[in-house]
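Below is one structure; the comments refer to it alone.
Note that the structure is a prediction, hence the values are computed from the model and not measured. The figures that follow rest on heavy atoms only: side chains count, while hydrogens, waters and symmetry mates do not. We count ligands from 1, going down the list as the structure has it; atoms in each ligand are counted the same way.
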Amino acid sequence: MRSEHRVTSVRSQERGTAASATAVAHPNIALIKYWGKHDERLVIPRTDSLSLTLDIFPTTTRVQLAPEAQHDAVTLDGVPLRGEAQRRVIAFLELVRERAGSLQRAVVDTENTVPTGAGLASSASGFAALAVAASAAYGLDLDATALSRLARRGSGSASRSVFGGFALWHAGSATATAAEADLGSYAEPVPVGDIDPALVIAVVNAGPKSVSSREAMRRTVDTSPLYEAWAVSSKDDLNEMRAALHRVDLDAVGEIAERNALGMHATMLAARPAVRYFAPATLTVLDRVQQLRREGTPAYATMDAGPNVKVLCHRQDAGRVAEAVRGAVPDGTVLIAGPGPAARLLHEDGP
Ligand code: DP6
């Protein structure tokens, strides 16, 4: 591991007084999608994926050890987490405690600037920030690769948010033992030359999604007759995209990203019962993106587990693309994002 990729180097020791650490991470948008798991418990995906970490919507998470407490206390934007969301954070803390050999409970406070559950990757920034903060608070000294593996256990896409810019998540081997599969499944940065991308994000609906991405990908793998074909073609998409990034060809990157995302949604539409995230406004934006291309502006759409559309374009065209998208969905919110930084510790308070 190269030293510039180390996220945390300072150890915080658990002694009488409580250690705490605060970390910040940004969401990422996959250009080659992660859709489908081999192993639900370890979060081992069926395919490699490749993403761009954004410079907007950071998540900030503080983990403070609570030596006297009987239970973990978890809040999101000041409100105690309940149900499945709370269960996932506590299961993640258990994993960190197991590795640290600690029984201490923690107080976890998260501030999200992204609408939660709207297909804008709040779980990616959330678990990347939690991995960095919790490992520091519990005194684990992890390099960025180990942090990526750890973040993956919270939410697969979080493995990529540990890194800034473009990141490739290696699925790892399907036939390996659990320990080998875990070791082989991590993200790493993809160095790219002089490229200046922007993602214009059309938030057409910021409410929570009808089916969680976790449930939707499970149903797709289990029931969609199109799934295997997409997984195979996604491998070719990834190879072609890596070549396109290598030659700094943003238009080819966009074309490949758009077909990969549409293919992923095709697998869901063929699931039983179908999972359809597209809303009427989604299609309106997709039409507008095609029109932009016909008018000579390179712009390419990608969509995740929700109705919102992210449009990849050259930075110099971002204003024009945003204006066109805004005109198409006057009730929506349109934002411009660029490449964002790696997850990092803001500060760490030793005992
Ligand atoms: C459509 O990472 O949220 O955004 O691992 O079950 O937590 P879990 O899933 P999650 O899925 C993201 C799916 C996606 C595509 C992607 O980000 O690659």
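For E215, the heavy-atom gap to ligand 1 stays at 4.0 angstrom or more. At least one heavy atom of S123 sits under 4.0 Å from some atom of ligand 1. Taking 4.0 Å as the cut-off, R152 does not count as a neighbour of ligand 1 on heavy-atom distance.
Residue-ligand proximity, A30 to ligand 1, at heavy-atom distances under 4.0 Å covers atoms 16 (C), 17 (O), 18 (O). Atoms of ligand 1 found under 4.0 Å from any heavy atom of S157, numbered from 1 in the order shown, are 2 (O), 3 (O), 10 (P), 17 (O). Taking every non-hydrogen atom of A305 and a distance limit under 4.0 Å, the qualifying atoms of ligand 1 come out as 1 (C). Annotation for ligand 1: atoms under 4.0 Å from non-hydrogen atoms of V43 are 5 (O).
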Worked verdict on N260 versus S234 for side chain to side chain donor-acceptor pair (under 3.5 Å) = CA-CA 7 Å; N260 187 268; S234 197; 3.0 Å; yes
request  = Determine, stepwise, if the pair S185 / W169 fulfils side chain to side chain donor-acceptor pair (under 3.5 Å).
outcome  = CA-CA 7 Å; S185 191; W169 174 16; 3.1 Å; yes
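If you look at R88 next to ligand 1, the close heavy atoms, those under 4.0 Å, all belong to the side chain. Both the backbone and the side chain of S155 come within 4.0 Å of ligand 1, judged by heavy-atom distances. Only side-chain heavy atoms of R160 come within less than 4.0 Å of ligand 1; its backbone N, CA, C and O stay farther off.
By heavy-atom distance, the residue among S213, A261, P45 lying nearest atom 3 (O) of ligand 1 is S213.
With sequence neighbours left out, H265 forms a ring-ring contact (aromatic ring centres under 6.0 Å, His included) with F278. When the salt bridge (charged side-chain N to carboxylate O under 4.0 Å, His left out) test is applied to D317, the partners found at least two apart in sequence or on another chain are R320.
Between R219 and E215 there is a salt bridge, since at least one side-chain N of the basic residue sits less than 4.0 Å from a carboxylate O of the acidic one. One finds no salt bridge joining R242 and D237 here, because no Lys/Arg side-chain nitrogen approaches an Asp/Glu carboxylate oxygen to under 4.0 Å. Checked for salt-bridge contact, E258 and R293 meet the test: a charged N lies under 4.0 Å from a carboxylate O.
Considering backbone and side-chain N/O of K37, one or more are found under 3.5 Å from N/O of ligand 1. For ligand 1, one of its N or O atoms has an N or O atom of R214 under 3.5 Å away. Remark: ligand 1 and W35 share no N or O pair separated by less than 3.5 Å (distance only, no angle test). Inclusion of K33 in the set of residues having an N or O under 3.5 Å from an N or O of ligand 1 is not warranted. The shortest N or O to N or O distance between G156 and ligand 1 is under 3.5 Å.
Counted by atom type alone, Y186 and R152 present zero donor-acceptor pairs between their side chains at under 3.5 Å. With hydrogens and angles left out, the side-chain atoms of S51 and K33 include no donor and acceptor closer than 3.5 Å. For the residue pair T61 / T110, a side-chain donor-acceptor distance below 3.5 Å is found, with atom types taken as modelled.
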